[in-house]
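Reading through the C-alpha cells given below for one structure.
Just follow the structure's listing: the first ligand is 1, and inside any ligand the first atom is 1. For this chain, numbers begin at 1 and follow the sequence in order.
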Amino acid sequence: MSLKKIQSMHAHAEKIAMLTCYDSSFAKLSEAAGVDVLLVGDSLGMVLQGAENTLSVTMEEMEYHTKSVAAGIKSCCIMTDMPIGSYEHDKDIALINAKKLIAAGADIVKIEGGGKMVETAQHLINNGIPVCAHLGFTPQSVVQLGGYRIQGKTDESAQNILKDAVAMDNIGINLVLLEMVPAALAKLITETINATTIGIGAGVDCDGQVLVIQDLLGIYTGPANKLPSDFKSPRFTKNFLAENTSIQTAVSAYVKAVKNKTFPALEHSY
Ligand code: KIV
C-alpha cells in the first residue's frame with residue numbers, strides 16, 4: 001500500500017519527501033512530520049558508525065536498522081539500501097539478500113549503478129521485489145569515482161546516466177534516485193522515464209527529494225577520526241534546524257519545502 005501511495009503521488013504530480021532514518025524514534029517522528037519515504041541508507045556507516053564511507057556496512061546491520069525503523073511506523077514507505085557485496089556479484093545472492101531486507105520491513109530495496117545492474121534489478125523485479133536504482137554519484141563506488149564528485153558533467157557521462165535510467169525504466173524499475181548530477185540532466189531524465197525520480201543534489205525538478213537526517217539537522221561533521229573544522233557540508237545539504245526550534249518542526253519544514261518546491265534552491269543544485 002505504501003509504495004502504491006508513492007506511485008499515486010507521482011501520478012498526481014505531488015512532490016515526494018524522502019528522508020534517511022535508522023531507528024524507531026526518528027521513524028515515528030518523521031512519519032508524524034509528513035515524510036513519505038524513510039530511507040534506511042547505508043550512509044549509516046558514516047553518520048552512525050563514523051566511517052569515511054559506506055563500504056564497511058553489512059547486511060546484518062541493514063536488517064537490524066530496517067527492523068528498528070519498521071517498529072516505529074504505521075504505514076510510511078520504507079526503502080532499504082542493499083549494502084556493498086550483497087548484490088553486485090550474483091543475481092541469485094542479490095535476491096536472497098533482498099528478501100531478507102523485505103522480511104525485515106522494507107517495501108523497496110535500493111541498488112547502486114546501471115550497466116550490469118539492470119539484469120540484477122530485472123531479476124529482483126521478476127521475483128516481486130520493488131527496486132530503486134541509484135544513479136549519478138554512487139557512494140559505494142566512491143573510490144573508483146575518485147571521491148565525492150558531481151557526475152554527468154560531460155556530454156558523454158550525461159548520456160551514460162540517461163541511458164542507464166532508460167534501461168532501468170524499460171525493465172519496470174519503481175524509482176530512480178539521482179545523486180549529484182546537473183539539475184538539467186535530472187530534469188531531462190525525469191521527463192523521459194516513467195519511473196519516479198528522487199534527487200539529492202539533482203535540482204528541484206525531480207519527482208521527489210531525499211536528505212540525510214543528520215544533514216537536515218546540521219549535526220554531521222565528517223568521519224569520527226577527523227576534526228569537525230576540516231569538514232565542509234556538501235552544497236546540496238541544508239540545515240533546517242537552524243531556522244526551527246525543534247527536530248519535529250525542522251523535519252516538517254523540510255517536507256513543506258520539498259512539497260512547495262522551495263528546496264532545493266539554486267544554491268543547493270549543480
Ligand atoms: O545511503 C544513503 O543515505 C543514500 C542517500 C545519500 C541517498 O543513499
Side-chain angles (χ1 to χ4, degrees), residues 6 16-23 26-27 30 35-59 61-66 68-69 77-88 101 106-114 117 121 131-142 145 147-151 161 165 168 173-181 186 189 195-203 206-217 219-220 222-223 233-238 251 254 258 263-264 268-270:
I6 302 308
I16 295 149
M18 185 188 292
L19 187 60
T20 67
C21 190
Y22 317 102
D23 68 35
F26 275 96
S30 299
V35 173
D36 301 303
V37 185
L38 297 172
L39 170 62
V40 187
D42 58 359
S43 50
L44 67 86
M46 299 167 75
V47 296
L48 299 191
Q49 300 171 346
E52 291 262 359
N53 52 46
T54 61
L55 306 186
S56 54
V57 176
T58 65
M59 263 302 292
E61 288 163 350
M62 296 311 292
E63 285 178 81
Y64 170 85
H65 286 283
T66 302
S68 304
V69 169
C77 184
I78 299 179
M79 179 189 291
T80 297
D81 269 335
M82 298 200 70
I84 191 161
S86 72
Y87 64 95
E88 330 82 280
L101 296 176
D107 296 292
I108 176 163
V109 298
K110 175 158 77 64
I111 64 173
E112 294 189 8
M117 289 308 108
V131 182
C132 172
H134 186 148
L135 302 176
F137 176 75
T138 44
Q140 291 172 8
S141 307
V142 61
L145 296 174
Y148 292 86
R149 297 203 174 146
I150 177 166
Q151 305 296 308
I161 296 170
M168 286 291 189
I173 205 91
N174 300 81
L175 278 89
V176 170
L177 191 147
L178 298 166
E179 179 164 356
M180 285 176 75
V181 298
I189 292 172
T196 307
T197 61
I198 304 288
I200 177 162
C206 294
D207 300 312
Q209 299 292 330
V210 59
L211 265 191
V212 171
I213 177 84
Q214 281 76 4
D215 289 333
L216 182 155
L217 299 175
I219 57 169
Y220 182 65
S233 289
R235 178 185 171 98
F236 56 78
T237 64
K238 176 171 170 176
V251 175
Y254 162 69
V258 170
F263 179 79
H268 307 115
S269 308
Y270 300 98

**Message:** I want to check something: taking the side chain as every heavy atom from C-beta on, are Leu48 and Gln214 in contact at a cut-off of under 4.5 Å?
**Reply:** yes

**Message:** My understanding is that only residues two or more places apart in sequence, or in another chain, count here; which of them pass side chain to side chain donor-acceptor pair (under 3.5 Å) with Thr20?
**Reply:** Tyr22

At less than 3.5 Å, what protein N or O atoms come close to the N or O atoms of ligand 1? Include the distances to 0.1 Å.
from     : atom 1 : to     : atom 2 : distance (Å)
ligand 1 : 1 (O)  : Asp42  : N      : 3.2
ligand 1 : 1 (O)  : Asp42  : OD1    : 3.2
ligand 1 : 1 (O)  : Ser43  : N      : 3.0
ligand 1 : 1 (O)  : Ser43  : OG     : 3.3
ligand 1 : 1 (O)  : Asp81  : OD2    : 3.0
ligand 1 : 3 (O)  : Ser43  : OG     : 2.5
ligand 1 : 8 (O)  : Lys110 : NZ     : 2.8

**Message:** If the condition is side chain to side chain donor-acceptor pair (under 3.5 Å), which residues does Lys110 pass it with, not counting sequence neighbours?
**Reply:** Asp81, His134

**Prompt:** What is the distance from atom CD1 of Ile16 to atom CD1 of Ile198, rounded to the nearest 0.5 Å?
**Reply:** 4.5 Å

**Prompt:** Mind checking what makes ring-ring contact (aromatic ring centres under 6.0 Å, His included) contact with Tyr148, not counting sequence neighbours?
**Reply:** Phe137

**Request:** Using the side-chain hydrogen bond (donor to acceptor under 3.5 Å, both in side chains) rule, take Glu61 and Gln49 through it: C-alpha gap first, then chi angles, then the decisive distance, then the call.
**Result:** CA-CA 11 Å; Glu61 288 163 350; Gln49 300 171 346; 3.3 Å; yes

